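Written out below as structure tokens is the structure these notes cover.
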Amino acid sequence: MTVRTRYAPSPTGALHIGNVRSGLFAYLFGRHNHGTFILRIDDTDRERSTKESLDEILESLKWLGIDWDEGPPDPGYFQSNRFERYREAARQLLREGKAYPCYCTAAELDAMRKQAEREHRKPGYDGRCREKPFAPDLELPAASAGRNYTIRFRSPHEGETVVDDLVKGRAVFDNAELDDLIIFRSDGVPTYNFATVLDDADFRITHVVRGDDHLPNTPRQMQIFRALGMEPPAYAHMPMVMGPDGTKLSKRHGATSVFAYREAGYLPEALVNYLARLGWSHGDQEIFSREELIDYFDFDACGKSAGIFNAEKLLWLNFHYMKERPLAALAREVRPFIEKRGLTIPGDDAWLEKMVATLRERAKTLVELVDFASFYLKDEIEIDPKAAAKFLKPEAAEPLAAIADELESIGGNLNEESVKAAFERVMARYAMKLGQLAQPVRVALTGGTVSPGIFEVIAVLGPSRTVTRLRAAIRRLQT
RNA sequence: GUCCCCGUCGUCUAGCUCGGCCUAGGACACCGGCCUUUCACGUCGGUAACACGGGUUCAAAUCCCGUCGGGGACGCCA
């Protein structure tokens with residue numbers, strides 16, 4: 001049997017990193033088994049579904065490198081195009097007496113829930129319309145017809161439903177606990193639990209991989225499968241991702257969308273590696289290529305407990321992947337972040353690569369790298385007054401002038417080696433240590449006391465900007 | 001409240017299936033040393049956990065029971 005897995009996001013908002021992790025696991029399991037990975041769009045809620053969020057979801061998945069074998073743009077993979085199929089299935093259940101109309105109003109249901117809560121029972125539907133007679137060829141509700149009833153699934157009350165979960169193990173639900181859920185709303189729209197079952201059935205999904213917040217839905221979905229005369233697929237419920245406060249990760253925990261991480265200068269490999277490693281492991285290994293992830297992925301190696309999202313570890317992984325990227329590729333990634341700030345790059349690709357090379361071990365994200373790069377990119381630098389007070393003192397003027405002259409005469413032959421030689425000559429002349437000369441130069445060239453190695457900085461900056469800045473600093477300390 | 005799930009360093013985890021190799025390993029973070037022109041990188045070292053209580057056993061992080069704690073679900077949302 002060929003494995004078929006699916007990911008079924010709702011286009012009602014940004015693609016959330018907690019949510020996309022379930023998709024990643026479904027993808028990895030599918031690929032690991034040389035199966036088919038399907039993307040399906042759960043857009044039954046037409047009110048909240050938007051084209052924008054659909055586009056964002058698709059683009060986020062592509063950015064992460066999660067590619068699907070079946071799905072959009074094929075219209076057959078949108079729930080909104082499958083309504084007739086859901087209606088047909090609902091009519092079948094009605095004919096067979098496995099579903100029934102419910103005429104309760106929202107207010108009645110609400111009162112029912114409150115009552116149950118008072119009596120310390122599970123709030124749920126009490127089945128008051130369950131035994132009312134109805135015509136087996138009853139029309140389905142429709143918004144246009146204004147039919148004021150819903151269709152409920154007649155859930156078996158006897159026995160129990162067993163979920164043999166691939167991650168969690170066996171979970172047993174007493175059928176008496178499961179109330180009759182609505183499968184069709186009064187406006188003629190099928191509900192999630194019903195549409196999902198039909199989709200999983202029709203697309204011949206063999207393994208449903210999703211977050212464990214869906215575990216309580218599973219016995220209900222299994223019952224619907226059986227009522228429809230089909231066997232349910234296998235289920236794998238992944239533990240959820242929590243925020244630092246230990247509750248379900250949500251917007252109030254800060255950046256949670258895939259786009260937000262892309263904009264913050266993260267590399268997709270880092271996010272994928274992090275998400276995969278949260279809740280799954282392969283011995284002591286921390287770094288995984290996509291191929292390794294696919295090779296090693298297995299539900300047996302998935303943990304059962306929820307994990308807290310740790311931004312620091314993601315940062316460390318991102319740093320790792322930035323160092324690992326070939327320089328030219330990293331420079332290409334950096335470019336748009338520079339442009340986004342309205343800065344221009346004063347050199348060609350080779351220059352940009354040299355610049356990036358000096359910064360890549362000092363930045364954990366692309367954004368941070370560009371933050372550090374501003375002294376390379378701007379014509380006018382701002383000198384930190386505290387740094388100036390400490391290093392740009394009158395006695396620095398002479399050596400600074402000397403190094404400026406040296407560098408000016410090197411001119412076009414300037415490189416790390418020739419800069420180093422120039423520094424050594426000046427240090428010898430004034431009997432200085434490298435630190436005594438390097439710090440004032442650093443402040444003059446970068447505006448602060450922290451930067452890449454001073455020889456590299458000068459080599460990247462080039463003779464003319466270097467000399468200009470040195471002389472500006474000399475003028476500054478003389479006034 | 002009811003049902004379901006979960007419980008190893010602050011965090012992610014290895015070990016738990018088949019009890020002894022665990023004076024519990026790795027990673028992030030943190031602290032300290034080294035390297036050093038600053039900051040980083042790197043490198044070396046350190047602090048830090050089997051939720052608790054009962055069993056079973058010669059022996060339990062590993063098996064059983066209970067307690068406590070955390071999370072999730074209880075919608076004409078998905």
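Chain A is the first sequence line, chain B the second, and so forth, proteins listed ahead of strands; every chain is numbered from 1. Owing to the predicted nature of the structure, the values given are computational and were not obtained by experimental measurement.
- Atom CG in L278(A) sits about 13 Å away from atom C1' in A27(B), given to the nearest Å.
- Taking the ring-ring contact (aromatic ring centres under 6.0 Å, His included) definition, one finds that H16(A) meets it with nothing, sequence neighbours left out.
- Among residues two or more places apart in sequence or in another chain, the ring-ring contact (aromatic ring centres under 6.0 Å, His included) test is passed with Y274(A) by F309(A).
- I454(A) comes within 4.0 angstrom of a base, heavy atoms only.
- The local environment of CD in E84(A) is crowded, with over 12 non-hydrogen atoms from other residues, nucleotides or ligands closer than 6.0 Å.
- No contact: V441(A) has no heavy atom under 4.0 Å from any strand.
- A distance of about 34 Å separates the C1' atoms of C31(B) and C68(B), rounded to the whole Å.
- Checked against the 6.0 Å centroid criterion, the rings of F297(A) and F25(A) qualify as a close aromatic pair.
- A residue-by-residue look at L314(A) and A116(A) shows that A116(A) has its nearest nucleotide of RNA chain B further toward the 5' end.
- Residue-level contact check: G453(A) touches the bases, meaning some heavy atom is under 4.0 Å from a base atom.
- Pairing for C21(B) is absent, with no Watson-Crick or G-U wobble pair whose two atom distances lie under 3.5 Å.
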>> Between V356(A) and L327(A), does the side chain to side chain contact (heavy atoms under 4.5 Å, CB included) criterion hold? Intermediate values first, please.
In response: CA-CA 7 Å; V356(A) 168; L327(A) 203 48; 4.0 Å; yes
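- At least one donor-acceptor pair closer than 3.5 Å links the side chain of N318(A) to the backbone N or O of K364(A).
- Looking at T358(A), its side chain does come within 3.5 Å of a backbone N or O of M355(A) through a donor-acceptor pair.
- Taking atom CD of residue E177(A) and atom C1' of nucleotide C5(B), one finds them 15 Å apart after rounding to whole Å.
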Would you mind writing out the side-chain donor-acceptor pairs for residues 416-424 of chain A within the sub-3.5 Å range, not counting sequence neighbours?
residue : atom : partner : partner atom : Å
S418(A) : OG   : N413(A) : O            : 3.2
S418(A) : OG   : N415(A) : N            : 2.8
S418(A) : OG   : N415(A) : O            : 3.0
S418(A) : OG   : N415(A) : OD1          : 3.3

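- Scanning atom types as modelled, one donor and one acceptor separated by under 3.5 angstrom connect the side chain of D284(A) and the base of G25(B).
- As judged by a 4.0 angstrom heavy-atom cut-off over every strand, K323(A) is placed among residues touching the sugar-phosphate backbone only.
- Comparing U37(B), C6(B), C28(B) by their nearest atom to the side chain of K168(A) picks out C6(B).
- The nearest whole Å value for the distance from the CD atom in E286(A) to the C1' atom in U13(B) is 8 Å.
- Comparing the P positions of C34(B) and G25(B) gives a spacing of 27 Å, expressed to the nearest Å.
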Between the protein and nucleotides 44-50 of chain B, which nitrogen or oxygen pairs come in under 3.5 angstrom?
none

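- Pair check for U36(B) finds none; no Watson-Crick or G-U wobble contact set falls under 3.5 Å.
- Rounded to an integer number of Å, the gap from CH2 of W280(A) to C1' of A14(B) is 13 Å.
- Taking both residues in full, the closest heavy atoms of P385(A) and R476(A) are given as CA-NH2, 4.4 Å, listed atom of the first, atom of the second, then distance.
- Between the side chain of R152(A) and the backbone N or O of C102(A) there is no donor-acceptor pair closer than 3.5 Å.
- When heavy atoms are screened at a 4.0 angstrom cut-off, S451(A) is found touching base atoms of the nucleic acid.
- With a cut-off of 3.5 Å on both Watson-Crick or G-U wobble distances, the partner of U11(B) is given as A27(B).
- Residue-to-nucleotide contacts include a donor-acceptor pair under 3.5 Å from the side chain of R442(A) to the base of U37(B).
- In this structure, CG of D165(A) is placed 14 Å from C1' of G72(B), rounded to the nearest angstrom.
- Rounded to an integer number of Å, the gap from OH of Y296(A) to P of A14(B) is 16 Å.
- One cannot find a donor-acceptor pair under 3.5 Å joining the base of A29(B) and the side-chain atoms of K313(A).
- Atoms CZ (F309(A)) and C1' (U11(B)) sit 12 Å apart, rounded to a whole Å.
- G20(B) and C64(B) have their P atoms separated by 15 Å, given to the nearest Å.
- The residues D199(A) and R6(A) are annotated as not salt-bridged, no charged nitrogen and carboxylate oxygen being separated by less than 4.0 angstrom.
- Across C44(B) and C4(B), the matching P atoms stand 50 Å from one another, rounded to whole Å.
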>> Between D384(A) and K386(A), does the salt bridge (Lys or Arg N to Asp or Glu O under 4.0 Å) criterion hold? Intermediate values first, please.
In response: CA-CA 6 Å; D384(A) 171 31; K386(A) 277 170 79 179; over 6 Å; no
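- Side chain of K323(A) to backbone of R360(A): no donor-acceptor contact under 3.5 angstrom is found.
- Across all strands shown, C52(B) pairs with G66(B); the Watson-Crick or G-U wobble distances both stay below 3.5 Å.
- If you check every strand for non-hydrogen atoms under 4.0 Å, F455(A) touches a base.
- Rounded to the nearest Å, the gap between the C1' atom of C35(B) and that of A14(B) is 32 Å.
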Quick test: give all pairs of protein nitrogen or oxygen and nucleotides 73-78 of chain B nitrogen or oxygen below 3.5 Å, distance rounded to 0.1 Å.
residue : atom : partner : partner atom : Å
A73(B)  : OP1  : K248(A) : NZ           : 2.8
C74(B)  : O2'  : P123(A) : O            : 2.8
G75(B)  : OP2  : R113(A) : NH1          : 3.2
C76(B)  : O2   : S186(A) : N            : 2.8
C76(B)  : O2   : S186(A) : OG           : 2.8
C76(B)  : N3   : S186(A) : OG           : 2.9
C76(B)  : N4   : C104(A) : O            : 3.4
C77(B)  : OP2  : R185(A) : NE           : 2.1
C77(B)  : OP2  : R185(A) : NH1          : 3.2
C77(B)  : OP2  : R185(A) : NH2          : 3.2
C77(B)  : O2'  : D45(A)  : OD2          : 3.2
C77(B)  : O2'  : R48(A)  : NH2          : 2.7
A78(B)  : OP1  : T44(A)  : OG1          : 3.0
A78(B)  : OP2  : Y192(A) : N            : 3.0
A78(B)  : O3'  : S10(A)  : OG           : 2.9
A78(B)  : O2'  : S10(A)  : OG           : 2.6
A78(B)  : N6   : N217(A) : ND2          : 3.3

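- Applying a 4.0 Å cut-off to non-hydrogen atoms, the residues of residues 357-375 of chain A that approach RNA chain B are E361(A), R362(A), listed by residue number.
- Applying the Watson-Crick and G-U wobble criteria (two distances, each under 3.5 Å), G75(B) pairs with nothing in any strand.
- Taking the ring centroids of Y192(A) and H214(A), they lie under the 6.0 Å cut-off.
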